[in-house]
*Asks:* 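Supplied in structure tokens, the structure appears directly below.
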Amino acid sequence: RTPYPRDPRNVIVIDGRLDLHGSTIAEAHRPGVGFLTHAQQEGARVILLVTGKGKGGADGHEWGPLRREAPMWLADPKLRHIVAAYGEASPAHGGAGALYVRLRGRVERS
């Protein structure tokens with residue numbers, strides 16, 4: 001079973017998108033975490049996090065700071081209750097300049 005839901009044409013279904021392309025690490029972190037939290041609360045299952053490749057990233061040898069940092073944010077234990085999985089997007093969704101983020105189901109609190 002794939003970790004990302006797909007439509008009948010086998011295309012990954014994206015429930016939300018946040019474009020951080022061109023942002024600094026400091027500018028991107030808080031909105032990124034806030035977006036993940038809000039998306040989960042709204043019932044989203046997969047979001048697309050656009051980081052861009054950064055300068056020099058086109059050849060795949062040197063990523064920009066935001067592209068390097070985003071996976072570390074997603075792996076942070078503080079986000080374990082939100083993020084189930086993440087991985088590089090397909091070329092149709094931005095390829096190496098974007099990440100699919102699979103969100104855990106929202107938890108109803110009583």
Side-chain angles (χ1 to χ4, degrees):
R1 180 178 123 114
T2 178
Y4 305 107
R6 295 175 183 268
D7 71 8
R9 296 169 297 148
N10 203 29
V11 175
I12 293 176
V13 176
I14 304 294
D15 297 316
R17 173 188 168 104
L18 179 62
D19 190 345
L20 298 172
H21 184 248
S23 301
T24 66
I25 294 170
E27 293 168 340
H29 187 262
R30 180 172 283 172
V33 172
F35 183 79
L36 292 172
T37 302
H38 180 74
Q40 182 195 37
Q41 290 170 349
E42 293 296 313
R45 299 302 298 176
V46 176
I47 61 107
L48 185 68
L49 187 64
V50 180
T51 62
K53 295 178 185 175
K55 295 184 192 289
D59 64 2
H61 291 99
E62 183 182 340
W63 297 114
L66 187 56
R67 176 60 177 85
R68 283 193 313 266
E69 289 287 322
M72 289 184 258
W73 298 343
L74 298 171
D76 186 333
K78 294 176 188 170
L79 292 178
R80 192 171 293 140
H81 67 288
I82 297 173
V83 177
Y86 60 91
E88 187 173 299
S90 71
H93 288 132
L99 297 166
Y100 294 128
V101 182
R102 170 79 185 223
L103 304 177
R104 296 188 188 281
R106 62 183 166 191
V107 176
E108 300 295 328
R109 299 184 188 219
S110 49

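Note that the numbering runs from 1 along the sequence shown for the chain.
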*Asks:* State, with a plain yes or no, whether a side-chain heavy atom of Ile47 is found less than 4.5 Å away from one of Leu18.
*Replies:* no
*Asks:* Leu74 and Leu36: side-chain contact (heavy atoms from CB on, under 4.5 Å), yes or no, with the steps?
*Replies:* CA-CA 10 Å; Leu74 298 171; Leu36 292 172; 3.7 Å; yes
*Asks:* Compare every heavy atom of Arg104 with every heavy atom of Arg80, then report the nearest pair and how far apart it is.
*Replies:* O-NE, 2.5 Å
*Asks:* Could you check whether any side-chain N or O of Tyr100 sits under 3.5 Å from a backbone N or O of Ser90, counting only pairs where one atom can act as donor and the other as acceptor?
*Replies:* yes
*Asks:* Can you give me the closest heavy-atom contact between Arg68 and Met72, atom names plus distance?
*Replies:*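 Shortest heavy-atom separation between Arg68 and Met72 comes out as O-CE, 3.3 Å.
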*Asks:* Is a side-chain donor or acceptor of Arg45 paired with a backbone partner of Val13 at a separation under 3.5 angstrom?
*Replies:*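 No, because the side chain of Arg45 does not come within donor-acceptor range (under 3.5 Å) of the backbone of Val13.
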*Asks:* Can you name the nearest heavy-atom pair linking Pro71 to Tyr86, along with the distance?
*Replies:* O-OH, 3.4 Å
*Asks:* Please find the pair of heavy atoms, one from Gln40 and one from Leu103, that lie closest to each other, and give the distance.
*Replies:*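 That would be N-CD1, 3.8 Å.
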*Asks:* Minimum heavy-atom separation for Val50 to Asp19, with atom names?
*Replies:*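 Between these two residues, the closest heavy atoms are CG1-OD1, 3.5 Å.
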*Asks:* Would you find a donor on one side and an acceptor on the other, under 3.5 Å apart, between the side chain of Arg67 and the backbone of Gly97?
*Replies:*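 Not at all, since once roles are kept as given, no pair shorter than 3.5 Å links the two residues.
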*Asks:* Decide whether Leu49 and Ile14 are clustered together by the hydrophobic rule: side chain heavy atoms of Ile, Leu, Val, Met, Phe, Trp, Tyr closer than 4.5 Å, transitively.
*Replies:* no
*Asks:* Hey, could you give me the NE2/NZ distance between His21 and Lys53, rounded to the nearest 0.5 Å?
*Replies:*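 Rounded to the nearest 0.5 Å, the NE2-NZ separation comes to 9.5 Å.
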*Asks:* Do the side chains of Leu99 and Trp73 join up, straight or via other hydrophobic residues, at under 4.5 Å, putting them in one cluster?
*Replies:* yes
*Asks:* If hydrophobic clusters are built by linking Ile, Leu, Val, Met, Phe, Trp and Tyr wherever their side-chain heavy atoms come under 4.5 Å apart, do Leu48 and Phe35 end up in the same one?
*Replies:*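 Leu48 and Phe35: separate clusters.
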*Asks:* Nearest 0.5 Å, please: how far is CG in Leu20 from NE2 in His29?
*Replies:* 11.0 Å
